[in-house]
Structure formats: C-alpha cells, structure tokens
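Take a look at the structure below.
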Amino acid sequence: MSTPHNSAAAGDFAKTVLMPGDPLRAQFIAENFLKDARLVNNVRGIHGYTGTYDGVPVSVMASGMGMPSMGIYSYELYSMYGVENILRIGSAGSLSADVKLRDVILGMGACTNSNFAAQYKLSGVFAPIASYDLLRLAVDAADGVGARWHVGNLISSDTFYSDDDGENAGWMKMGVLGIEMEAAALYMTAARLKKRALAICTVSDNLVTGEALPALDRQTTFTQMMEIALRVAVKCNG
Ligand code: HPA
C-alpha cells in the first residue's frame, strides 16, 4: 500500500508516531534516540522512520508546517497505517508572561483561526482536545525529566506572518498559553478517526516579552521534549 504522500508499506509504522514539523528533526530523532531505525517514507523529503525505544516499536515522521500538512499526514497514518497515537513535538510562541522560554506546554486543547473544522459540518464550534490518557502520561513524564510544564490551551494559527498586529491579544485575553500551527488539525483528525493525539511544545519565543531562545538552547530544550514524548510512547504502546 502507499498514498500520494507516503510510500511506506502496511505494517511499516509503529502504533505510536512522534511528529516534529521538520524532516531533519525526524532524521535526528531516528539517528540519535531510536534503535535499529529504518527509513520507511521519504516522499517530498518527509522522512518517516521506525525503530525501537526501550524495546518498544516507535516511529517518527515529519508533519510539515501548518494545519493542511498535518491534516494529510495524520489522516493517512491513522486511517491507512493503523497508527493509534500521534505525539506532535514542536515549538510554540508563549502568549503568557508566566510561560517562559524553555517551558513545555502540553496542549490540553487547541483553538484555531483555520476553517479546518468546516468539513465536519457541525451545528456549532468544535473544541479540539488532546487525549486525556496521553496527557496524563505526559504530565508524569514531564515531572520525571524535571521540566517546567504547563497544561492548557494552544492556538493553531494559519499565519506565521499575520497582517493583523493585534491578533494575539484576543487569545491572550482567553488565557491561551501558546501559539503554533498544527495541533488543532491533529486533534480534530484524531477525534474524527477515534484515535489519540497530544501536542508537546517547547517555548522558543515569548510574544509578550519579545524574548527568543538562542539557537544552541533550542537543542537542549528539544532533547527534554523528546524524552517526555518517548516516555509517553513507551507507556502508551506497551
Ligand atoms: N507563531 C506560530 N508558530 C510558532 C510561533 C509563532 O509565533 N513561535 C513558534 N512557533
């Protein structure tokens, strides 16, 4: 089997897939964290690998950037490759003075300014949420690695370069913790297909204070987020 976006065969993916946005991150994770990782997809350079961590099969594949890209890859993994759990691992901009650089946001919910939910033809506004099972495991894992973590809402935005300077003020007013670009599509796709999803984001910049993480620090915080995701992957798969 294959799709226009994924050349993997049936059975090539583990039940749990970690999804960074960046294909090179996926490759880095496969090479540095997984054992016996093999490349199972490389269509459009979207590296997908399957290996093991602590003896448990785990896959990693990039989502690309934005809701449409995440929507495609997560839909195919869930509905065509038998994947049960997707853990997005990425960066987010903090929308709160209390959520500092390097902190981890576990996205309990994901608001969005995208029209992605229109396809479901609902009679109101859907509230995309994470899997509680995965969230609970992630809180334990975040404590285990000594991360400073927050559980709350994300806003998945369609625009990185918004024409509206005041766009974030409304989300801040509603207590949303961080802005990123994929979680809501992942949560809606998981809900529609009766699967599990969670977004784990490290704070790379703070939109309240204007601070941004130096390049070197991004690697360290990334490693901590990876350890959280891999601990969840082992527990939810085992
Ligand atoms: N916007 C969208 N996604 C992001 C941002 C941002 O400011 N920072 C990190 N990911």
Side-chain angles (χ1 to χ4, degrees), residues 18-26 28-29 46 60-74 86-117 128-130 138 142 147-190 197-226 228-229:
L18 273 47
M19 297 194 89
D22 178 357
L24 293 178
R25 278 270 156 100
F28 179 87
I29 293 162
I46 290 288
V60 55
M61 189 172 90
S63 68
M65 286 183 285
M67 305 255 297
S69 187
M70 172 57 95
I72 290 169
Y73 294 115
S74 60
I86 295 180
L87 297 162
R88 158 163 160 67
I89 43 176
S91 64
S94 167
L95 297 178
S96 160
D98 295 335
V99 180
K100 316 269 190 217
L101 296 184
R102 302 177 192 84
D103 287 6
V104 174
I105 302 175
L106 304 171
M108 181 157 64
C111 313
T112 187
N113 57 17
S114 124
N115 204 30
F116 193 87
I129 55 168
R148 249 185 69 107
W149 55 266
H150 308 264
V151 171
N153 241 334
L154 294 166
I155 156 74
S156 301
S157 178
D158 265 353
T159 48
F160 188 89
Y161 300 107
S162 175
D163 201 50
D164 176 8
D165 290 343
E167 178 181 300
N168 292 330
W171 301 113
M172 289 177 188
K173 182 172 75 183
M174 297 306 287
V176 173
L177 302 179
I179 181 166
E180 50 83 74
M181 304 186 78
E182 293 84 17
L186 174 61
Y187 289 2
M188 284 190 254
T189 304
L198 174 67
I200 303 170
C201 297
T202 52
V203 173
S204 57
D205 45 306
N206 187 308
L207 302 181
V208 180
T209 62
E211 298 164 286
L213 213 55
L216 212 63
D217 289 31
R218 283 177 195 248
Q219 197 56 55
T220 328
T221 52
F222 175 72
T223 303
Q224 192 178 56
M225 175 171 63
M226 277 305 314
I228 295 170

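Note that ligands are numbered from 1 as they come in the structure, with each ligand's atoms numbered from 1 the same way. These figures come from a predicted structure and were not determined experimentally.
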Item to check | Heavy-atom side-chain proximity of M67 to M188 below 4.5 angstrom | outcome: yes
Next on the checklist: Walk me through whether M65 and F160 qualify under side chain to side chain contact (heavy atoms under 4.5 Å, CB included).
Outcome noted: CA-CA 10 Å; M65 286 183 285; F160 188 89; over 6 Å; no
Item to check | Neighbouring residues of ligand 1, heavy-atom cut-off under 4.0 Å | outcome: S91, A92, G93, F160, I179, E180, M181, S204, D205, L207
Checklist entry - Does the pair Y73 and T189 meet the rule for a side chain to side chain contact (heavy atoms under 4.5 Å, CB included), with working shown? => result CA-CA 10 Å; Y73 294 115; T189 304; over 6 Å; no
Checklist entry - By side chain to side chain contact (heavy atoms under 4.5 Å, CB included), which residues pair with N206, not counting sequence neighbours? => result S94, L101, V208, T209, E211
Item to check | Residue pairs fulfilling salt bridge (charged side-chain N to carboxylate O under 4.0 Å, His left out) with at least one residue in residues 100-113, sequence neighbours excluded | outcome: R102-D217, D103-R148
Checklist entry - Excluding sequence neighbours, so at least two apart, what forms side chain to side chain contact (heavy atoms under 4.5 Å, CB included) with A197? => result Y78, L186, Y187, A190
